[in-house]
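What follows is a set of notes on a single structure, which appears directly below.
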Amino acid sequence: MIEIIAAFARWSQLTANLVLFGSCVFFAIIWQRKDILETPWITRLEKIFPWLASVIVAGLIGILATTASDATGDVANAWNLSVWLDVVQQTQIGHIWAARALLAMLLLGAVLKIQPLDRVRGHYVVWAFLAALPIIAGTLMSHSSADEMSFTAIAPYAIHILLAGIWFGALPAFLLILFNLRTDLGRTSLLTAIDYLKKFSAIALPVIVLLMLTGVMVTDRLVDEKYHALVASPYGWLLNIKLAILAVILVIAYQARYQWLPMLSREEDKARISSATHLTQWVRIEFILALLLVLFATILANTLPAKHAMIENWPYPFRFSINATWEDPDVQEKVWFGLALFGVALGTIWLGARLHWSGVVKVLVPGVLGISSMALALPPLAVEAFPETYKKPAVPIDAISIVAGAHLFAENCVNCHGPQGKGTKPVADPDLRDPTDLLTQQHTAKYTVGNVFHQLSQGIPGTEMPGFADKLSEEDRWDLINFLHAMSRGFDARLLGSMIVPETPSIASPVFNYSASDGSNGNLKDFRLQKNVLLVLFAWPQAKERFFQLAASYDRIRDLNTEILAVPIHPLSDAQLQQITEIAPFPIVTEGWQEIKDTYWWYRRVRVVPDLSGKGMFPQHMEFITDRFGYLRARWVAQFEGFGWQNVGALTLQLTQLNQEGEIMPPPGEHAH
């Protein structure tokens with residue numbers, strides 16, 4: 001029940017605000033002289049302005065009441081004034097609500113103060129400006145602002161809502177003018193009223209188009225490339241309904257602008273009356289659809305965005321992927337031809353209006369061409385999908401999970417795929433495929449992490465790959481998948497060297513927890529957006545000379561916004577640890593070192609030593625630079641790459657370059673994808 005009240009409060013408040021704003025914008029646009037006030041439709045509409053302003057205030061009170069209930073989990077607190085006060089004083093939502101309420105009260109006061117005065121155009125401008133402020137303040141509570149409170153995040157949504165107000169808010173005035181046309185007006189009054197309608201129609205159509213464009217911008221932020229969620233999540237279906245309603249409204253607006261409005265100016269009363277009747281009927285429908293559109297928009301604004309939606313059960317046996325299919329034979333030709341055909345379909349819409357085709361032909365020709373274009377362009381982009389295709393991993397990809405997955409791989413997968421995932425065991429049966437090369441082949445475009453989970457759980461038909469759902473727990477399967485990702489990323493890391501490639505982060509550094517000799521502890525992610533990390537994997541006492549060198553340069557390295565973490569690759573005795581700490585002023589990892597070492601071993605390869613056969617070798621000294629955004633940017637393997645960072649100037653040059661870079665990509669996510 002409280003959800004229904006909340007939805008009604010948001011809808012009524014927004015509807016009243018949009019109508020008041022849009023009506024005032026419309027009046028300011030059509031204002032010509034004072035005798036406009038003598039028209040009865042303006043008088044009727046102005047009389048409801050105080051009521052609209054009051055509804056805005058009342059709706060905000062309803063929003064606060066339901067917010068108090070949601071925040072505390074107690075329905076009774078919806079009527080508890082002390083809880084209201086706590087919400088307003090102690091939460092960001094409450095602070096924004098207070099600003100909205102003050103702006104709404106200011107609007108109500110201005111309406112009551114100005115309404116009795118002799119009207120000038122400036123009064124409508126003032127009302128429109130004051131009505132826009134609560135709308136803009138309301139965008140601070142949107143999903144766009146929740147992710148990033150910045151101008152670039154909020155401005156498109158604010159413009160989108162204001163455009164909606166310019167169109168939707170003026171519809172009541174449009175309807176009242178049409179009702180007024182039914183009375184016996186003089187020729188001058190009739191032409192003036194028709195001129196008002198034409199002005200609104202001339203504005204409304206481009207406003208709706210801009211409304212759709214800004215809507216695309218807002219939606220793109222809230223979808224964030226997870227376009228599959230548009231057909232498999234509540235947010236997506238609500239958005240689809242909203243777009244369908246908007247499409248119908250756009251058709252009505254087009255018909256009104258180019259068919260019915262021109263007929264109003266004709267001398268024949270019959271043609272004028274017929275046009276007015278059609279306009280009245282369809283604008284009524286448009287207004288009702290607009291009310292529904294606002295309702296769905298308010299529900300959508302309080303629905304989990306598509307980019308955060310968890311699709312646990314993908315309902316289709318296919319999905320579309322350009323990355324996975326674009327290089328396949330004939331795909332590009334079919335897609336481009338389909339897009340060209342779709343362009344022809346759009347062209348026939350314009351041609352039909354130009355040549356005055358019948359209604360059936362106007363719909364049939366573009367419809368057939370449009371469906372044909374999709375039938376040609378979409379199937380080549382389809383790849384197989386499973387219920388788990390978009391399933392979100394339940395286990396974050398970190399050193400603990402990767403090492404656990406490595407053990408599971410050794411127990412269950414090595415016999416077929418080999419110790420390094422190369423798929424070394426051939427299958428005797430010619431009808432079965434050989435084991436997949438999990439190391440050097442790229443699979444992420446065609447196989448989502450959910451696809452791999454499905455195949456790991458159910459097996460792969462046509463191969464000897466069994467399903468492990470009965471043998472491994474769900475957490476074990478995710479650990480195994482995290483290991484496969486780390487193994488594949490490790491092979492990509494062979495392209496790294498001791499010199500960074502400027503502004504090209506691509507490989508996420510595996511995160512880990514640690515405790516160190518100096519009493520410090522934490523996670524690699526703790527350094528994000530703050531410091532670079534030089535991770536030193538060492539054997540003792542072989543690394544003694546290097547430690548003296550790093551100790552001598554430690555202050556210089558720290559001045560370059562970088563911390564050193566030293567990780568042993570063999571257990572250290574108390575005597576060895578004491579010896580190391582007497583030399584090194586930087587932290588020596590004492591807990592978590594085993595997982596860190598086993599994980600970063602997969603990132604050991606260099607171009608000249610691919611190390612793909614057998615169990616693989618373990619270099620005795622490796623150093624990795626992770627930039628402050630969480631990406632692996634450079635690596636020195638002393639066994640294969642010679643002098644390297646023993647020249648501290650070469651090391652500090654890399655750190656200086658990293659410090660000059662801004663954020664090129666957002667920090668890596670916690671899960672494999």
Side-chain angles (χ1 to χ4, degrees), residues 1-19 59 62-63 66-67 70 93 135 138-148 153-154 156-165 167-169 171 207-253 285-316 319-320 387 389-392:
M1 185 63 181
I2 198 71
E3 290 81 7
I4 296 175
I5 295 174
F8 179 77
R10 291 189 292 265
W11 173 76
S12 60
Q13 177 268 331
L14 181 59
T15 299
N17 207 334
L18 293 177
V19 170
I63 290 172
T66 54
T67 300
D70 289 340
I93 290 177
I135 295 174
T139 62
L140 299 177
M141 298 177 66
S142 66
H143 291 307
S144 297
S145 63
D147 287 334
E148 180 186 349
I154 299 171
Y157 185 63
I159 295 171
H160 179 70
I161 298 296
L162 292 175
L163 288 168
W167 157 70
F168 168 66
L171 285 178
V207 163
I208 292 177
V209 173
L210 289 173
L211 187 67
M212 296 180 72
L213 292 176
T214 53
V216 169
M217 294 173 62
V218 173
T219 301
D220 183 64
R221 291 184 64 91
L222 299 179
V223 174
D224 194 24
E225 297 186 358
K226 293 186 177 179
Y227 301 111
H228 59 274
L230 296 180
V231 291
S233 69
Y235 182 93
W237 289 118
L238 285 169
L239 180 63
N240 291 335
I241 294 172
K242 178 185 172 184
L243 292 176
I245 294 173
L246 189 58
V248 175
I249 289 172
L250 191 60
V251 172
I252 294 173
I285 295 173
E286 184 178 1
F287 185 62
I288 293 171
L289 290 174
L291 290 173
L292 286 174
L293 190 68
V294 175
L295 176 61
F296 278 105
T298 55
I299 297 173
L300 194 65
N302 291 274
T303 302
L304 186 69
K307 66 179 179 180
H308 299 310
M310 291 185 287
I311 313 299
E312 296 293 336
N313 189 3
W314 178 248
Y316 313 104
R319 67 184 180 97
F320 296 110
T389 286
Y390 294 106
K391 187 179 180 69
K392 183 178 179 181

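Position 1 is the first residue of the sequence, and the numbers go up from there.
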Using side chain to side chain donor-acceptor pair (under 3.5 Å) as the criterion, list what pairs up with [X], not counting sequence neighbours.
| X | value |
| --- | --- |
| Asp220 | Tyr227 |
| Thr389 | Asn451 |
| Lys391 | Glu312 |
| Tyr316 | none |

Any residue meeting side chain to side chain contact (heavy atoms under 4.5 Å, CB included) with [X], in chain and number order, not counting sequence neighbours:
| X | result |
| --- | --- |
| Ile299 | Leu238, Leu295, Thr303 |
| Ile93 | Thr67, Thr91, Met141 |
| Leu293 | Trp167, Lys242, Ile245, Leu246, Ile249 |
| Ala306 | Val223, Ala229, Tyr235 |

Legend entry - Residues forming a ring pair (Phe, Tyr, Trp, His ring centres under 6.0 Å) with Phe320, sequence neighbours excluded: Phe318

Legend entry - With sequence neighbours excluded, residues passing ring pair (Phe, Tyr, Trp, His ring centres under 6.0 Å) with Tyr390: His228, Trp314

Validation row: [X], [Y] side chains within 4.5 angstrom (heavy atoms):
| X | Y | answer |
| --- | --- | --- |
| Leu291 | Phe168 | yes |
| Ser233 | Ile311 | yes |
| Thr214 | Pro156 | no |

Legend entry - Worked verdict on Arg10 versus Leu14 for side chain to side chain contact (heavy atoms under 4.5 Å, CB included): CA-CA 6 Å; Arg10 291 189 292 265; Leu14 181 59; over 6 Å; no

